[in-house]
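Keep in mind it's a predicted model, so treat the numbers as computed, not measured.
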Amino acid sequence: MTGNPATASTTAGSPMAADPTAATTTTAATFAGPLTGGTRAGGNGTADAVLTYVRYVRSEITRVWRNTRLLIFTLLLPIILFGAFSAGSEGDRLGDLDVAPYIMISMASFGAMNAVLGSAGRIATERSIGWNRQLRLTALTGPQYVLAKATTGFTLAVLPIVAVFVAGDAMRGVRLSAGTYLGAGASILLGLVPLAAFAIWLGYLVRPENMQAITGGVFSLLALAGGIWVPVENFPGWLADVVKLLPMYWSAQAGRAVLAGGWIGGRGLVTLAVWTVVLGAAAGRAYLRDQLRT
């Protein structure tokens, strides 16, 4: 794949990118009210900051869910790929799983990954129009802004996971218990935590006009590393060892492990934790550099 439709719709096709003034005006209404020193006059600073954060997250989620093109690509692309890759796979197996459940987890991970990494495009776009500077005049703190972007991405990531799980049942007869579905979905999201930090770092590193070209290649490499396009079991031994050091592998593997009746184990958790710390630190430094420049 040479591009990422979900990312393209986030950067070039999002309401904010199409009409920055309208998006800013709409969201600004959320923060209406007198502010003194970053808090509302006569109010409690901590309570006001929390209330502002909740309102901002709500406005972000509402804005993203109204982006029809983004939702179409986020939902339909993983389903189409699942149908294509799992065709004629009855009775075949990959590792401990039948092909259809294996591909189902892969495509659910792919769709969720695109949703989480879409935060990079939204951050880059808002930096380009100066909206992040406007938000600094409210009670919303910098860490809250970053956390809100990650929260929005994870909220959107639930959609492709559910959609692909439903498609697995409808198209290939993959039927699991409610607990297994919940466990697999939660495991996929847990594995994407370091990639959420990566998206924030990328959003402060790349300009909006370059975002689609860069993220298209990056997303494809991440999908390859996660065993989404080609099962890691088919990789040469040395390449499989390298891939298992990366967070995307453990995101998809976490969901597959639940279907196989287990979990990713200590090695997987440590790998995800280390990458979360490393990428989180990189994202923090990028945010501080951007704040000092503006």
Side-chain angles (χ1 to χ4, degrees), residues 1-4 6-7 77-78 81 85 94-97 102-121 123 149-150 153-154 157 160-161 164 184-206 211 213-260 262-286:
M1 296 179 65
T2 58
N4 187 341
T7 306
L77 185 59
L81 293 175
F85 291 158
L94 286 171
D96 297 329
L97 300 175
Y102 187 101
I103 299 298
M104 181 183 74
I105 292 296
S106 294
M107 292 304 108
S109 300
F110 173 70
M113 178 192 74
N114 284 346
V116 170
L117 293 179
S119 301
I123 291 174
K149 292 302 181 187
F154 276 103
I161 293 176
V164 173
S187 297
I188 291 172
L189 294 177
L190 175 64
L192 290 174
V193 170
L195 293 187
F198 174 74
I200 293 167
W201 174 72
L202 201 63
Y204 282 106
L205 185 70
V206 180
M211 183 64 71
I214 292 175
T215 55
V218 170
F219 289 6
S220 295
L221 288 175
L222 288 174
L224 179 64
I228 289 175
W229 306 134
V230 179
V232 175
E233 291 82 357
N234 294 341
F235 288 3
W238 66 269
L239 183 56
D241 291 337
V242 171
V243 164
K244 290 176 183 179
L245 297 175
L246 303 176
M248 190 57 205
Y249 168 80
W250 293 105
S251 173
Q253 186 61 23
R256 298 186 192 114
V258 173
L259 265 62
W263 67 299
I264 58 174
R267 179 184 178 184
L269 287 180
V270 169
T271 302
L272 291 174
V274 169
W275 277 107
T276 299
V277 171
V278 171
L279 294 172
R285 286 195 297 270

Asks: A side-chain contact here means heavy atoms from C-beta on lying under 4.5 Å apart; do Leu245 and Thr271 qualify?
Replies: no
Asks: Hey, could you give me the OG/CG distance between Ser109 and Leu195, rounded to the nearest 0.5 Å?
Replies: 10.5 Å
Asks: So does Lys244 get a backbone contact from the side chain of Trp250, meaning a donor-acceptor N/O pair under 3.5 Å?
Replies: yes
Asks: Do Trp275 and Phe198 have ring centres separated by under 6.0 Å?
Replies: no
Asks: I need the Leu279 CG to Trp201 CH2 distance, nearest 0.5 Å.
Replies: 8.0 Å
Asks: Could you walk me through whether Val116 and Val193 pass the side-chain contact (heavy atoms from CB on, under 4.5 Å) test, one step at a time?
Replies: CA-CA 9 Å; Val116 170; Val193 170; over 6 Å; no
Asks: Considering non-hydrogen atoms only, spot the tightest contact between Ile161 and Ala108 and give its length.
Replies: CG1-O, 3.9 Å
Asks: What is the distance from atom CG of Leu239 to atom CG of Leu224, rounded to the nearest 0.5 Å?
Replies: 7.5 Å
Asks: On a heavy-atom basis, which atom in Ser119 and which in Lys149 lie closest, and how many Å separate them?
Replies: OG-O, 3.1 Å
Asks: To check you understand the geometry: which heavy-atom pair defines the closest contact between Val232 and Gly226, and what is its length?
Replies: CG2-C, 4.4 Å
Asks: So Phe219 and Leu117, do their side chains get closer than 4.5 Å, heavy atoms only?
Replies: yes
Asks: Find the distance between OH (Tyr249) and CG (Leu272) and round it off to the nearest 0.5 Å.
Replies: 11.5 Å
Asks: Between Val164 and Phe110, is the side-chain contact (heavy atoms from CB on, under 4.5 Å) condition met? List the steps.
Replies: CA-CA 10 Å; Val164 173; Phe110 173 70; over 6 Å; no
Asks: If I compare all heavy atoms of Gly255 with all of Ile188, which pair ends up nearest, and what's the gap?
Replies: CA-CG1, 4.1 Å
Asks: Can you find a heavy atom in the side chain of Met248 that is under 4.5 Å from one in the side chain of Ile228?
Replies: yes
Asks: Rounded to the nearest 0.5 Å, how far apart are CG of Leu189 and OG of Ser251?
Replies: 8.0 Å
Asks: Under 3.5 Å, is there a donor on one side chain and an acceptor on the other for Ser187 and Arg256?
Replies: no
Asks: If you compare all heavy atoms of Leu192 against all heavy atoms of Ala112, which two are closest, and at what distance to 0.1 Å?
Replies: CD1-CB, 3.5 Å
Asks: Roughly how far, to the nearest 0.5 Å, is the CG atom of Leu269 from the OG1 atom of Thr276?
Replies: 10.5 Å
Asks: Gly227 and Ser106: which non-hydrogen atoms are nearest, and at how many Å?
Replies: O-OG, 3.9 Å
